[in-house]
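The structure appears right after this line, and notes come after that.
Side-chain atoms are counted along with the backbone in the values below, which use heavy atoms only and exclude waters and symmetry mates. From a predicted model like this one, the values you see are computed outputs, not experimental measurements. Chain identifiers are assigned alphabetically (A, B, ...) following the order of the sequence lines, protein sequences preceding nucleic acid strands; residue numbering begins at 1 within each chain.
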Amino acid sequence: MAILVLDILTTAAILFAVSAGLLIILGVMKLINFAHGAFLTVGGYMAYLNGAAGLSPWLSIPLAAGVGFLGGLVIERVIVRPLYDRPLDAILATWGLGIVIGQLITLGFGRGVQFAPNPISGTTELFGVDYSAYRLAVAVIAVLLVVALSALLKLTRFGLNARAVIMNERLARGLGIDSTRVRALTFGLGAALACAAGALITPLISVDPNMGLPWLVNSFMLVMVAGVSFPSLLVASLILGGAQVVVSTYANPILGGMTIVVAAALVLRISPKGFSRA
Amino acid sequence: MSTPLLTVDALTSGYDSAAVLHDVSLQVDRARIVAILGKNGMGKSTLLKTIMGFVRPISGRITLDGRDVTGAAPNFMARAGMAHAPQEHTLFQDLTVGDNLRLGVATDRLFRQCLPEVEAVFPRMIERLGQRAGTLSGGEQKMLLMSRALIARPKIMLVDEISEGLQPTMVDRIAQALLRARDELGIAVLLVEQHLDFALSVADRVAMMKLGEIVEEGTRQELAASDGLAAHLAV
Amino acid sequence: MHDISAAITTRFRVAATGCIIGLLVVAVAPWLLDTYLTNILIRTLFLATVVMTVDILWGSVGILTFGQSAFFGIGAYACGLIFTHYGFGPGWALAGLALGIGVGAVVAAATGWLAFFHGSLPLYASIITLALPIVLTQVIFSGGNFTGSSSGLSGFPTYYWDLRIWFWTAGTFLVLTTTAAWLLVRSDFGRVMVAIRENEERCAYLGIPVSRIKIMLMIASAVIASAAGFGYAAFSNVVAPELASFQLGTEFLIWTALGGRGTLLGPIFAALGIDTMSSWLSGTMPFLWKLLIGVVFVAVIVLLPRGFAPLVGGLFRRILPVRTAGAPARVLVPDTRSRLGQGADDQKPPLRIEHLSRRYGSLSVLTDVTMTGRASHLLGIIGPNGAGKTTLMRCISDGSERSGGKVEINGAEIGRGAPQDIVALGVGRSFQNTNLFDTLTVADCLLLARYRIDGARLFRSSVGIALPEPALDILRATGLDQRLADETGNLSHGMKRGLELAMVLATEPSVLLLDEPTAGLTRPERMVIGKVLGRLTRDYGLCIVLIEHDLDFVREISDRVVVLHQGSILMEGTVDEVVSSELVRSVYAGHHVEAAQ
């Protein structure tokens, strides 16, 4: 029982960490970044390279975040900005970008599976059971992430500007907010979060050119259900992630893999705004 | 004689390739109120949107304080001292009154300094800083709109049909606010209106816009005396 | 008249010509191409048929779908499963085809139900279509030996026909379905599809069953895709989960985007070109090819959103200038069977509102509003800004809006109905801001408004637009009857308002909700509207509810007036009663007629 609970909590945390970058971009730019999976993969490979270079595994996260941020700024300028008026096209363009990134990674690293070193190996004892220490660490990091992002949004002037752009970009510009810069920074931040999440979860799974794909779809469903709010993303991660763990454990891992997608689709059908208040 | 604050020179602008404004020229002096009158569809809103930068001009020039600002982006114009009180997309309905006002000023520190200004003109606004803007009535929202435009002490305000749908008492208050802005804060106003009496009660100069062109122009007295105005507005 | 029918037959002639040319090419090609290329092309022809359905859904209606591959896979697996586990022969083949198409249709209906409903976001619908192939591939994986799991099924008995025969089968299927699709897109129904893509909300308020149409199109596309999948599997003798995967689904989108969405022929040629190249190069540099396509795809989306078709088309036109068959000129016809105003019943009032309330959290916008709208009466609703007038109209026309209370139209409760259901009950609503379809012509818009009553021809265009007399009056008075072929985006404000009103009347409501219909109109235009409204109440017995700020206008045409203030009814009575009331005066504080003389 304790293991089940811990599994649910850590799975939810991982899902949250992976989806946070997508949420930010959706909120400010009203766009689903289909290259999200590719960013995760890039982050994963950064962790692998980091390990191969012999550096401390904890370094891989900020390193991935930095690469993600810079790459995000470039991608926003070249691909996303021209598609500002065409959100559905932006989905396709970012998907195409994801394919291109995937192919480049394959050309560079081959199709094989790689591994990244684990910053905290072994288990610790919690609630009477031995549980992977790193998984617990990831859960803690995810919670800290919620707090930091919410603070950024609610307390800083950048956050207010971002919220203004989220609500009504035209009006925001009329008030002097450089919405182009806000969007660019947001995309960079979203990409950084995605890469960092990739580096974060890599020690738990392996890295291959297509690792981001399943996370891509699950993150979308979570973000759609959660609406634009970090606390509700956490709640959605808990509920749907929990459902996935329960189904995987008691029924069948393949069905478990589908749970989030199916459950989210049904939730959205019944309540189109998901868990956030209408 | 100081240079005019805002000049518009032979401005032609519109949407896609259809010109709505044709060769429009006007100027607004410092601390003066200029009213543009005309019925719907005559191009008044387009004029303000072009000046503010939401619509790219096809040809012509706009200068602010002697600087050429033709085609500049809206956020640039706002930072340069131009405040826009539009007809649509007016407020952030989901943000509080306080947050809406904050966004009218560049930094939060300035906001605290400027808040007393708002209090002087619309005292009840201060009581409602925590209220969601979307829950205010139409008239109160217009007051908030004016407050936000005033708060940063812009050089010039572009006000688009603010009297629309308001009761006479409310219209009077807006008029008072505009006069106070001009007299005590030195703010110039470019006012676009269909409401003849309101416009005449505050304007120093009046221009008549018809089918995207300025057809008559003069001081308030000159135009109030002419029959042309009422005729233009009626038909 | 001769010109009009000539225009229509021209379209059929073009379609027939294209079809025949296509069939000829298909017939001749196998003799000109080598075996390897023919082999590849047969597969590609089946895939191109699916791409055509993607273009219908995405290019014409605006549904970004990743899921057509799922139906392709269903058809393919139907073939593989039947032939592997059950039997082989003409009977089995037909059964398999029927099974594939049947299951595809059912799944499409279910997906459509999940994705399309009043208020669903396009993004959400796309994600559902994304989830579909993912779920399907997982189901296939978990099928063990029955479905062959990740390796799929192969080597099952099938029709080992000559390559030529397969080529003709695949090619003919493609040409015939494409011809039908081409006619569909250019028909009246095709205009409905475009309208849905441009402004779905407005379509709902015209009584068009948007969700149902989308689901029907989804089912039709699924049927074609499943059939194509069946053929593909029967030919290639292998079925694998890749055929149902979302990667294949996105490839369809890529080909559609590159070819030119909405052009039908563009995506087909793109599919033929790219997939053939991919198979051709599959020995040499598969990754570089995929990389190249990916880069070109991104570049096309960003720089050439309409794909390559317009470029190619432009080139063609420079080489051989062809007179294209334009849209047929339309004719306005009085609707002799018009049931305008006949929805009313003596016993039940056209509009009855009881204890209606609308809250946003703790804020009450409407409180306990009770009122009745009578037939042959014009009820004016006035009140200061923020009184809740437009909210009231929204609550009448959309069942999901109100927080409490009851609304009855001709005795029937609206419940939580969607706008199109309420239009079906007899409500017509015009909006404060003109809300039309910029690229459609005036005639298209009027036909659209008649959808609920006259339907829309699936493969043809009607010449006559039947409209009730009052609608014709408005069109004549505003001069719109001379501008039927103009795009609505180019009309003046006054004409747009006139068109909106005509469109609402075309839906033959018994209750008319008008939100500031005269805003921005000139005096003569206002008088026309006033006259038409008068005629509607007197001669047609309509119940009209009108929101207005122009008190003179209200005074002239209303029978009764309701004054709304801060969400409740302040007073109700005749025009004179209300205007002379002290209470109303104090609320308005001497509000007088606006400056226009």
Is A:I101 in contact with chain C via its backbone, its side chain, both, or neither, using a 4.5 Å heavy-atom distance?
neither
Region of A:L92 in contact with chain C, defined by heavy-atom distances below 4.5 Å
both
Looking only at heavy atoms and a cut-off of under 4.5 Å, which of A:A264, A:G96, A:G98 has the most pairs with chain C?
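Most pairs with chain C among the choices: A:G96.
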Counting heavy-atom pairs closer than 4.5 Å to chain C, which one of A:L255, A:D89, A:V261, A:L97 comes out on top?
A:D89
Answer with side chain, backbone, both or neither: which region of C:W58 has an atom nearer than 4.5 Å to a non-hydrogen atom of chain A?
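When you check distances to chain A, only side chain atoms of C:W58 fall under 4.5 Å.
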May I ask you to list the residues in residues 72-79 of chain A that approach chain C closer than 4.5 angstrom, counting heavy atoms only, ordered by number?
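The list, in residue order, reads A:V78, A:I79.
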Among residues 34-46 of chain A, which ones touch chain C with a heavy-atom distance under 4.5 Å?
A:F34
What are the two closest non-hydrogen atoms of C:G294 and A:V100, and how far apart are they?
C-CG2, 3.5 Å
Donor-acceptor pairs under 3.5 angstrom involving side-chain atoms of residues 123-138 of chain C: please list them, not counting sequence neighbours.
unit_1 : atom_1 : unit_2 : atom_2 : d
C:Y124 : OH     : A:A265 : O      : 3.0
C:Y124 : OH     : A:R269 : N      : 3.3
C:Y124 : OH     : C:L114 : O      : 3.2
C:S126 : OG     : C:L64  : O      : 2.9
C:S126 : OG     : C:P122 : O      : 3.2
C:T129 : OG1    : C:F66  : N      : 3.1
C:T129 : OG1    : C:S126 : O      : 2.6
C:T137 : OG1    : C:P133 : O      : 2.8
C:T137 : OG1    : C:I134 : O      : 2.9

Looking at C:F437, I want to see if its CZ is surrounded by more than 12 non-hydrogen atoms of other residues, nucleotides or ligands under 6.0 Å.
yes
Taking only residues at least two apart or on different chains, which pairs with a member in residues 245-254 of chain C satisfy side chain to side chain donor-acceptor pair (under 3.5 Å)?
A:W95-C:T250
Quick one: CG on A:L213 to CZ on C:F246, what's the gap to the nearest 0.5 Å?
4.5 Å
Verdict with reasoning, C:I254 to A:I99, per side chain to side chain contact (heavy atoms under 4.5 Å, CB included):
CA-CA 11 Å; C:I254 292 177; A:I99 293 179; 3.9 Å; yes
Max heavy-atom pairs within cutoff under 4.5 Å with chain A, candidates C:V302, C:L253, C:V295, goes to C:V302
